[in-house]
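Taking it in order: structure first as structure tokens, then the write-up.
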Amino acid sequence: MDPQYQPRRIEPEVQREWAATRAFVAPDSSPKPKYYCVSMLPYPSGKLHMGHVRNYTINDALYHYMRMKGWNVLMPMGWDAFGLPAENAAMANGVAPAKWTRENIAYMKGQCQAMGWAIDWTREVATCSPSYYKWNQWFFLRLWEKGVVYKKTGVVNWDPADQTVLANEQVIDGRGWRTGALVEKREIPMWYMRITQYADELLDSLDGLGWPEQVKQMQRNWIGRSYGVEFVLPYAPGTQARMKDGKHGVKVFTTRADTIMGITFAAVAAEHPLATEAAKDDPGLAAFIEECKRGGVQEAELATMEKKGMPTGLDVLHPITGERVPVWVGNYVLMAYGEGAVMAVPGHDERDFAFAKKYGLPIRQVIEVEGKEYSVDEWQPWYADHGRNVDSGARFAELDGREYDDAIDTVVAKLNALGLPAAKRVQYRLRDWGISRQRYWGTPIPIVVCPKCGDVAVPDEDLPVILPENLVPDGSGSPLARDRAFYECKCPMCGGAAKRDTDTMDTFVDSSWYFMRYACPDAGTMVDPRARYWMPVDLYIGGIEHAILHLLYARFWTKAMRDLGLVHVDEPFTNLLTQGMVLNHIFSRRNAKGGIEYFPPDEVQAVQDAEGRICGATLKGDGSAVDYEGIGTMSKSKRNGVDPQEMIERYGADTARLYVMEASPPTDTVLWSDKGVDGALRFLRRLWKMVHEHVAAGVVAPCRGDGDLSSPLRELRFKLHRTIEKVGDDYGRRLQFNTAIAAVRELLNLYADLQDRSPAARAVAQEVLEASIVLLSPVVPHIATALWRELRPGTRLLDQPWPAVDPAALVKDTIRLVVQVNGKLRGHLDVSADASREEIEAAALRHEAVIKFAGGRKPKKVVVVPGRLVNVVV
RNA sequence: GCGAAAGUGGCGGAAUUGGUAGACGCACUGGAUUUAGGUUCCAGCGCCGAAAGGCAUGUGGGUUCGAGUCCCUCCUUUCGCACCA
């Protein structure tokens with residue numbers, strides 16, 4: 001045995017053995033129960049980053065643990081290979097996205113192999129391969145047939161300089177990131193998936209999932225089921241004459257129909273037909289509407305911007321009193337939500353209150369809350385509370401005194417009695433999923449647009465519609481829209497000349513079902529019966545940033561597949577582990593064109609203020625100043641990622657794995673720092689040395705029971721079996737690896753203190769070392785494999801079961817209790833394990849520390865917590 | 001702005017069910033080994049205090065025999081907000 005730990009020698013050697021024996025290829029049937037653990041697939045950005053290392057090492061540790069516990073485990077891997085970064089790289093380097101992506105995949109796959117993750121590579125999937133995206137297209141058409149897919153207009157960010165649609169990420173402070181041009185909103189036709197049709201099921205089935213409660217809560221809030229009333233604010237006579245839409249008023253939805261008597265104005269979106277009509281002879285209003293259309297579509301931006309409005313000069317009527325109610329255009333009313341119009345009740349809605357104050361509109365109290373004084377001077381949070389209706393006026397006096405639910409029923413009945421349409425309705429915050437992207441590097445939408453027949457499906461036998469791989473985007477529109485060879489085609493219906501849809505699908509489509517394709521990557525159908533074996537995913541692991549969108553889309557997609565009879569499961573992911581983000585500092589500055597440029601943290605020298613906080617930085621290259629943006633998640637676009645490659649080369653994969661796993665619990669965020677890696681390496685060297693010294697004296701049969709061991713040896717065995725128990729609990733139940741590793745470190749610290757070299761001690765040593773190696777093997781499988789061979793020649797670590805706890809080793813005669821006086825620690829008390837409460841109490845009262853700190857005062861109360869402490873209250 | 005989390009020594013973190021705050025590490029300090037660097041080993045290491053002891057888990061309150069843990073307030077940071085993935 002080599003006296004030195006040499007990761008560079010053992011790691012490739014162990015990996016070769018795994019590959020040669022196909023150690024991680026999972027069979028599609030087995031007498032063992034299946035355990036399917038999947039990590040969110042990586043985007044092939046070029047190299048792995050620390051988030052990947054963390055994610056896949058967690059998955060890998062669980063793979064090994066569950067395998068040792070007797071499961072048929074599968075850990076697959078694939079590539080989320082379509083997307084924007086490939087197009088950006090293409091623009092920067094003139095390389096086709098396909099070539100760039102495939103080269104990145106090849107490199108990153110090599111990195112995954114060097115990390116030693118137990119991936120079944122026979123199931124590898126890349127979403128950019130036609131054999132995968134064919135099924136995106138096929139399924140899209142099935143959903144279209146069912147009416148789950150439909151077409152309507154949607155709003156996008158438009159860069160007028162580049163004449164192109166921008167992703168939200170490409171809009172910075174309202175400007176295009178490359179051009180610096182002010183971004184505008186633009187409406188274009190797009191394909192949608194009717195996820196709202198599944199809203200109730202998506203909401204209700206969250207309850208049964210083994211997911212973190214906060215993620216389920218985020219999804220509930222995102223779906224946002226609310227119960228309200230939809231009704232119409234009738235046009236005033238003059239308005240009716242102007243509006244030639246065949247309608248009789250403006251449709252609105254509200255969850256607070258009980259406040260209807262407080263309506264003092266209405267607000268519509270800039271794109272609302274009423275606003276368009278009013279602007280025809282009002283240049284001021286037309287200019288304001290134009291202003292509202294400027295800027296991007298991001299909700300955070302819209303929600304934080306200053307609320308502005310302008311009167312249209314047109315009125316609607318209060319549906320009950322018939323009073324004229326002015327209609328305003330508000331920049332905060334969105335055409336895409338509901339009907340693009342809202343009733344405004346400044347008296348009981350905070351946003352309406354602020355708007356009314358700003359523009360001098362009337363504020364009316366119509367709800368009172370017991371014992372509280374209303375004043376229109378300043379908003380109070382209780383104004384929005386449910387309460388009792390007051391001041392409803394002569395025409396609706398029966399509303400007075402009623403409370404929320406009752407009031408709403410009364411309002412709906414009243415409106416109907418007046419002959420006005422009004423009905424209770426469920427409303428969701430969730431919107432249908434727009435999947436059209438005006439981009440090149442994605443799944444082509446399998447639709448042909450025929451001048452005679454309209455939108456026509458590409459026949460199944462012509463799928464996949466192949467994406468040409470040789471195009472290079474230049475930033476101005478999609479190259480597909482300019483590629484005649486791609487878009488020119490015959491109409492499948494009439495045979496006449498037609499044009500393909502040149503949009504591609506949102507990449508969330510790709511990631512909505514890849515975990516099913518792993519089960520049957522070579523299937524001639526979308527999925528086959530092997531998916532029935534592996535699905536659902538038993539544990540899904542990935543970043544918390546995906547808590548809403550990706551996870552919701554994948555849930556929806558699974559349900560849609562189920563409804564087409566393709567899978568049998570209702571939910572894709574039984575359990576979920578949301579990994580915390582790996583953060584790093586972000587440095588940037590604006591370039592000459594007004595765009596923004598990022599700099600990797602290792603290329604800048606940070607400048608700190610008096611308190612040690614970073615306040616700026618200079619570029620190491622030329623000393624020029626750059627701005628500090630704070631800390632944020634590691635990302636390609638912000639250039640603050642850390643490449644684990646250097647760590648692998650310098651320390652070996654096991655050290656890198658050990659470090660990321662022991663640094664913090666998996667769900668916590670981590671601010672990256674590479675200090676502390678030395679400690680991980682030091683530990684592995686120590687472990688190697690311990691085994692080497694033991695083996696040098698000859699391997700022995702491990703101890704199998706307490707027999708008549710000396711007290712230090714019994715103590716060591718007690719610690720060992722406590723540790724086996726704890727580590728299993730940490731891996732299997734708590735999914736907390738840092739404490740598992742710390743527990744093994746504690747055990748080995750105790751072992752290292754043992755001086756005894758007797759045969760009995762050597763048998764205990766053998767038991768401790770064997771168990772420690774197995775306990776650590778999920779985290780550091782290479783060194784564990786190598787050391788196992790030395791300890792148990794002729795056997796293979798991968799075939800070992802998880803060690804069993806010896807209950808006899810855990811029996812103790814005496815236990816140590818904490819002694820408190822008035823809740824403060826004052827000493828300890830050794831009692832026999834079966835001491836009664838009375839005996840403990842009596843012993844505590846005789847305890848010298850109790851006598852001292854009680855100072856002669858009489859004990860008022862003695863609290864005994866069995867096995868833990870005794871607290872004397874004086 | 002809205003939704004979800006987090007905040008404990010110089011640093012990462014531990015304390016799993018309301019019961020010994022700081023496990024296990026990193027960094028640092030002193031010592032041993034070494035020609036030196038590195039390695040390895042031993043000891044120390046929350047703050048105040050000579051000690052006894054006191055104080056201490058972002059802030060301020062509350063519940064309790066007992067609070068890092070539960071409740072309320074505020075502050076800060078992170079994630080998401082529908083075209084980054």
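Residue numbers start from 1 in every chain, and the chains themselves are labelled A, B, ... in the order their sequence lines are given, proteins ahead of strands.
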I want to verify a distance call: between B:rC81, B:rC79, B:rU20, whose nearest atom is closest to the A:His828 side chain?
B:rU20
Using a 4.0 Å heavy-atom cut-off across all strands, classify A:Val873 as base, sugar-phosphate, or nothing.
sugar-phosphate
For A:Tyr440, does its backbone N or O pair with a side-chain atom of A:Glu87 as donor and acceptor, under 3.5 Å?
yes
Let's see if you can work this out: which of B:rG1, B:rG25, B:rA4 has an atom nearest to the side-chain heavy atoms of A:Thr304?
B:rG1
Taking NZ, NE, NH1 and NH2 as the nitrogens, is one of them in A:Glu169 or A:Lys638 under 4.0 Å from a carboxylate oxygen of the other?
no
Selected nucleotide, minimal atom distance to A:Ser664 side chain, candidates B:rG1, B:rG13, B:rU16:
B:rG13
Please determine whether a side-chain nitrogen or oxygen atom of A:Asn749 lies at a distance below 4.0 Å from atom OP1 or OP2 of B:rG25.
yes
Using a 4.0 Å heavy-atom cut-off, does A:Ala547 contact any base of the nucleic acid, only the sugar-phosphate backbone, or nothing at all?
nothing
Any-strand Watson-Crick or G-U partner of B:rC55, both distances under 3.5 Å:
B:rG46
Touch class at under 4.0 angstrom, heavy-atom based, for A:Lys824 against every strand present
sugar-phosphate
Base, sugar-phosphate or nothing for A:Trp222? Non-hydrogen atoms, less than 4.0 Å.
base
Give one of base, sugar-phosphate or nothing for A:Met634, where a contact means two heavy atoms less than 4.0 Å apart.
nothing
State which of B:rG53, B:rG25, B:rC24 makes the closest approach to the side chain of A:Ala742.
B:rC24
Using atom types as modelled and distance alone, determine if a side-chain donor or acceptor of A:Tyr5 lies under 3.5 Å from a backbone N or O of A:Leu687.
no
Report the nucleotide, chosen from B:rA52, B:rA27, B:rG1, that has the shortest atom-to-atom distance to any side-chain atom of A:Arg682.
B:rA27
If you check the A:Ala303 side chain, which of B:rC79, B:rG1, B:rA82 turns out closest?
B:rG1
Looking for any heavy atom pair under 4.0 Å, which part of the strands does A:Gln736 touch: base, sugar-phosphate only, or nothing?
sugar-phosphate
Using a cut-off of 4.0 Å on non-hydrogen atoms, how would the nucleic acid contact of A:His550 be classed: base, sugar-phosphate, or nothing?
nothing
Using a 4.0 Å heavy-atom cut-off, does A:Glu545 contact any base of the nucleic acid, only the sugar-phosphate backbone, or nothing at all?
base
Would B:rG9 be called syn or anti here, given the cut-off of 90° from 0?
syn
For A:Tyr43 and A:Trp100, take the angle between the two ring planes, folded into 0 to 90°, and tell me which bin it lands in: parallel under 30, tilted 30 to 60, perpendicular over 60.
tilted
Ring centres under 6.0 Å, that's the criterion: do A:Tyr553 and A:Trp513 meet it?
no
Base, sugar-phosphate, or nothing: which does A:Arg745 touch, judged by heavy atoms less than 4.0 Å apart?
sugar-phosphate
Taking OP1 and OP2 of B:rU20, is either one under 4.0 Å from a side-chain nitrogen or oxygen of A:Arg816?
no
Among B:rG1, B:rA23, B:rG53, which nucleotide has an atom closest to any side-chain atom of A:Phe853?
B:rG53
Classify the nucleic acid contact of A:Gly632 as base, sugar-phosphate or nothing, counting any heavy atom under 4.0 Å across all strands shown.
sugar-phosphate
Looking only at side-chain N and O atoms, does A:Thr507 come under 4.0 Å of OP1 or OP2 in B:rA85?
yes
In whole Å, what separates the C1' atom of B:rG9 from that of B:rC47?
9 Å
At under 4.0 Å, does any side-chain N or O of A:Lys852 touch on OP1 or OP2 of B:rG53?
yes
For B:rU39, the nucleotide meeting Watson-Crick or G-U wobble distances (both under 3.5 Å) is none
Quick one: is B:rA14 close enough that its OP1 or OP2 comes under 4.0 Å of any side-chain N or O from A:Asn738?
yes
Whole-Å distance, A:Asp349 CG to B:rC2 P, equals 12 Å
Among B:rA82, B:rA85, B:rA4, the one nearest any side-chain atom of A:Gln214 is B:rA4
Let's see if you can work this out: which of B:rA85, B:rG19, B:rU20 has an atom nearest to the side-chain heavy atoms of A:Asn871?
B:rG19
A:Arg639 with A:Glu597: basic N within carboxylate O range, under 4.0 Å:
no
Give the nucleotide from the list B:rU16, B:rA4, B:rU39 with an atom nearest to the side chain of A:Asp729.
B:rU16
Is the base of B:rU16 touched by the side chain of A:Lys726 through a donor-acceptor pair closer than 3.5 angstrom?
yes
Over all strands shown, is A:Asn221 touching base, sugar-phosphate only, or nothing at heavy-atom distances under 4.0 angstrom?
sugar-phosphate
